[in-house]
Amino acid sequence: MNIYVGNLSYRVDDEGLKSLFEKYGEVKSAKVITDRETGRSKGFGFVEMMTDVGGSQAIEELNGNEYEGRSLRVNEAKPKESKPRRQF
């Protein structure tokens, strides 16, 4: 299950995000999205859980809860839409 995690503190890194979700099951991957130019966190990320059961439990328990001083938005990630690349 792929999970979107929004409203993350800018201090949270990939390891911190992974450890937050490990309580709910095995984490396949955890990635905080960063700005390409500055390398600074954009305040959201994605976690891929090995099982849907663990993912559902994580969403239910973490959505709206505070972590690192911010109230998290946690839900199942929507599939990425394929958009045509812009030509400049």
Side-chain angles (χ1 to χ4, degrees):
M1 173 182 274
N2 200 10
I3 300 169
Y4 166 83
V5 186
N7 203 30
L8 282 172
S9 166
Y10 296 117
R11 296 184 305 263
V12 177
D13 60 6
D14 294 351
E15 267 314 302
L17 188 58
K18 182 179 180 182
S19 67
L20 177 64
F21 278 80
E22 284 179 328
K23 302 173 211 167
Y24 305 100
E26 190 176 346
V27 175
K28 186 174 181 181
S29 67
K31 179 76 177 150
V32 174
I33 305 304
T34 56
D35 184 278
R36 283 186 201 157
E37 293 178 19
T38 65
R40 184 175 176 222
S41 168
K42 287 190 169 188
F44 69 96
F46 294 93
V47 176
E48 195 172 353
M49 301 289 289
M50 293 297 279
T51 66
D52 288 350
V53 173
S56 297
Q57 184 181 5
I59 290 170
E60 190 175 308
E61 293 191 23
L62 293 174
N63 189 38
N65 282 359
E66 194 172 296
Y67 180 66
E68 294 282 328
R70 307 282 299 262
S71 179
L72 297 177
R73 276 189 47 218
V74 183
N75 51 45
E76 191 168 350
K78 296 176 177 70
K80 187 176 181 179
E81 293 179 18
S82 61
K83 299 178 187 172
R85 291 188 68 100
R86 296 191 307 189
Q87 300 294 322
F88 292 100

I'd like to know whether Arg70 forms a side-chain contact (heavy atoms from CB on, under 4.5 Å) with Val12, so could you lay out the CA-CA distance, the side-chain angles of the two residues, the decisive distance to 0.1 Å, and finally the verdict. CA-CA 11 Å; Arg70 307 282 299 262; Val12 177; over 6 Å; no

Would a single hydrophobic cluster contain both Tyr4 and Phe21, if residues Ile, Leu, Val, Met, Phe, Trp and Tyr are joined by side-chain heavy-atom contacts under 4.5 Å? no

Please output the side-chain donor-acceptor pairs of residues 44-55 that fall under 3.5 Å, not counting sequence neighbours, one pair per line with the distance.
from, atom 1, to, atom 2, distance (Å)
Thr51, OG1, Gly54, N, 3.2

Mind listing the closest non-hydrogen atom pair of Gly43 and Tyr10 along with its distance? N-CE2, 3.8 Å

Between Ser9 and Ser41, which heavy-atom pair has the shortest distance, and what is it? O-OG, 4.5 Å

Can you confirm whether Glu60 is buried at CD, in the sense that more than 12 heavy atoms of other residues, nucleotides or ligands lie under 6.0 Å from that atom? no

Could you give the distance from CG (Leu17) to CD (Glu68), rounded to the nearest 0.5 Å? 11.0 Å

Return the minimal non-hydrogen interatomic distance between Asp13 and Gly16, and the atom names on each side. OD1-N, 2.8 Å

CG/Asp35 to NZ/Lys42 distance, rounded to the nearest 0.5 angstrom? 5.5 Å

Return the NZ to CG distance between Lys18 and Leu20, rounded to the nearest 0.5 Å. 13.0 Å

For Leu72 and Val5, run side-chain contact (heavy atoms from CB on, under 4.5 Å): C-alpha distance rounded to whole Å, both residues' side-chain angles, the deciding distance at 0.1 Å, then the answer. CA-CA 7 Å; Leu72 297 177; Val5 186; 4.3 Å; yes

When you measure from the side chain of Asn7 to the backbone N and O of Ser71, does any donor-acceptor pair fall under 3.5 Å? yes

Check: Val74 and Ile3 side chains under 4.5 Å, non-hydrogen atoms: yes

